[in-house]
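A short worksheet on the structure shown next.
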Number of protein chains: 2
Amino acid sequence: MIGGMADRPYHHGHLRAALLAEAERTLREEGIDALSLRDLARQTGVSHAAPRRHFADRQALLDALAEAGFAWLGDEVRAAVNGASGDYQARLRAAATAYVRFATADAALLQLMFTVKNASQPGVLPEASASLFGAVSDLIGQGQRADALPPGDPGRLRLLLVATLQGIAALVISGRVPAEQTDALVADAVALFTRSHN
Amino acid sequence: MIGGMADRPYHHGHLRAALLAEAERTLREEGIDALSLRDLARQTGVSHAAPRRHFADRQALLDALAEAGFAWLGDEVRAAVNGASGDYQARLRAAATAYVRFATADAALLQLMFTVKNASQPGVLPEASASLFGAVSDLIGQGQRADALPPGDPGRLRLLLVATLQGIAALVISGRVPAEQTDALVADAVALFTRSHN
DNA sequence: ACCTGAACACCGTTCAAGT
DNA sequence: ACCTGAACACCGTTCAAGT
């Protein structure tokens, strides 16, 4: 045997996780068009048909990526809220900033999360996004109890807040908002929600 | 000659327009994954290499579709504003509803408009979206003059309004907002902007 | 249970050649 | 100026077979 590299055993052992990690990197660095199952198999050192065991088709892989993305974004938003000091508006701004930062750092992933033709397993993605929506729900509840947000159906207010953050992210990603204006726009959005309530 | 159908002449004559029309239909009815240059050529009755004369590559076709989409959406929003009767809030709501209706009726096209990896011709897409942004700018100006919208930089308010509409559309398209709740969410958004100013 | 290798039907893109 | 036909290097997906 020349070269001395230990041969990978016939069974990879962590193929599913390896594929997901490699896919996330490719998605972030090169965009969704560069994401091919064959290429992923090549970079992971298995045959082109091996991924089939773990992902029924390309869409199943994309769904899994979106699912992981929701969990991750939910964690980021929660961490930003918990780590922020200051009044309610400051905490809301921290959460909003974390959201938009995630969106610009991993634009293709965010887009994947908010498109979803038809999840292979119906109900999986709504469940995954519940983590994010739950974090925002907590934040809404706090704001309404502190009279820092307008009263009314918290569910609709939550949707409206997520929509606004999502929309800002979309504008930044598409280049219609220059990167320097991002923070100001986020601050404007937060001010709009907390207007005459601080 | 059997069948009697007049043979298409060697030169199609309106190939570019025919390709765009067919592409718009496919995009709307079957989504972006079903949009292939070869299939488009087939359905238009030319060889698979013919589209190359009019669109350098697949991305150039997508850019052209996005460009047309912006012009169309701008027209829709303008028409809604002009056709609405009632106070300012009613006109703003009409515009917002037109936007979201467009988004849900042609989800894949809207997504194309707000992704844009890198337009083949830099500057073409920003120019096309100016039609939409101009319509919204007019609406913002009217609102601020009538004291129906908060004062401040109209440019930022415009971005924020577009972001909110875009975000609502994204939530509806991804199925996170049920279709029945769409109108209520749009009304909430409009109320948020005009709050304590009507 | 997990992976390989060959096969099939598609793509986008290129380019010499035809009208 | 516009379109064709063959060619190239890719895909996703399927399936019998190997370990």
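Chain letters run A, B, ... following the sequence lines, proteins first and then strands; every chain starts at 1.
Rounded to whole angstrom, the span from the CG atom of Leu62(B) across to the P atom of dG12(C) amounts to 10 Å. Rounded to whole Å, the distance from CD on Gln59(B) to P on dG12(C) is 13 Å. Here the P atom of nucleotide dC2(C) and the NE2 atom of His12(A) are 13 Å apart, to the nearest Å. One can place CG of Asp39(A) at 9 Å from P of dG12(D), the figure rounded to the nearest angstrom. Following rounding to the nearest Å, Phe55(B) (CZ) and dG12(C) (P) show an atom-to-atom distance of 14 Å. Rounded to whole Å, atom P of dC11(C) lies 15 Å from atom CZ of Arg58(A). If you measure from atom CG of Asp33(B) to atom P of dC11(C), you get 12 Å, rounded to the nearest angstrom.
Look at dA1(D): its Watson-Crick or wobble partner, with both distances under 3.5 angstrom, is dT19(C). A 3.5 Å limit on both hydrogen-bonding distances identifies dT14(D) as the Watson-Crick or G-U partner of dA6(C).
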#### Entry: Stepwise side-chain hydrogen bond (donor to acceptor under 3.5 Å, both in side chains) check, Arg176(A) with Ser174(A)
CA-CA 6 Å; Arg176(A) 258 160 217 95; Ser174(A) 74; 2.8 Å; yes
### Task
Test side-chain hydrogen bond (donor to acceptor under 3.5 Å, both in side chains) on Gln59(B) and Asp63(B) and set out the steps.
CA-CA 6 Å; Gln59(B) 188 57 45; Asp63(B) 289 348; 3.0 Å; yes
### Query
When you look at Thr44(B) and Glu22(B), which way does the side-chain hydrogen bond (donor to acceptor under 3.5 Å, both in side chains) test go after all the steps?
CA-CA 8 Å; Thr44(B) 318; Glu22(B) 190 60 34; 5.7 Å; no
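In the displayed structure, Arg158(B) atom CZ is contacted under 6.0 Å by more than 12 heavy atoms of other residues, nucleotides or ligands. Other residues, nucleotides and ligands place no more than 12 heavy atoms under 6.0 Å from the CZ atom of Arg101(B).
Atom CG of Leu65(A) is separated from atom CD of Glu24(A) by 7.5 Å, given to the nearest 0.5 angstrom. Distance check, rounded to the nearest 0.5 Å: OG of Ser129(B) to CZ of Phe70(B) gives 5.0 Å.
Against DNA chain D, the stretch residues 14-21 of chain B makes heavy-atom approaches under 4.0 Å through Leu15(B).
Contact annotation: Arg52(B) side-chain N/O to dC3(D) OP1/OP2 distance is not under 4.0 Å. Neither OP1 nor OP2 of dC3(C) sits under 4.0 Å from any side-chain N or O of Arg53(A).
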Could you run down the sub-3.5 Å N/O contacts of the protein with nucleotides 5-10 of chain C?
unit_1 : atom_1 : unit_2   : atom_2 : d
dA6(C) : N6     : His48(A) : NE2    : 2.7

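Listed for the Ser131(A) side chain is no donor-acceptor partner under 3.5 Å among the backbone atoms of Ala128(A).
A cation-pi arrangement, defined by a distance under 6.0 Å to the six-membered ring centre and an angle within 45 degrees of its axis, is absent between Arg145(B) and Tyr88(B).
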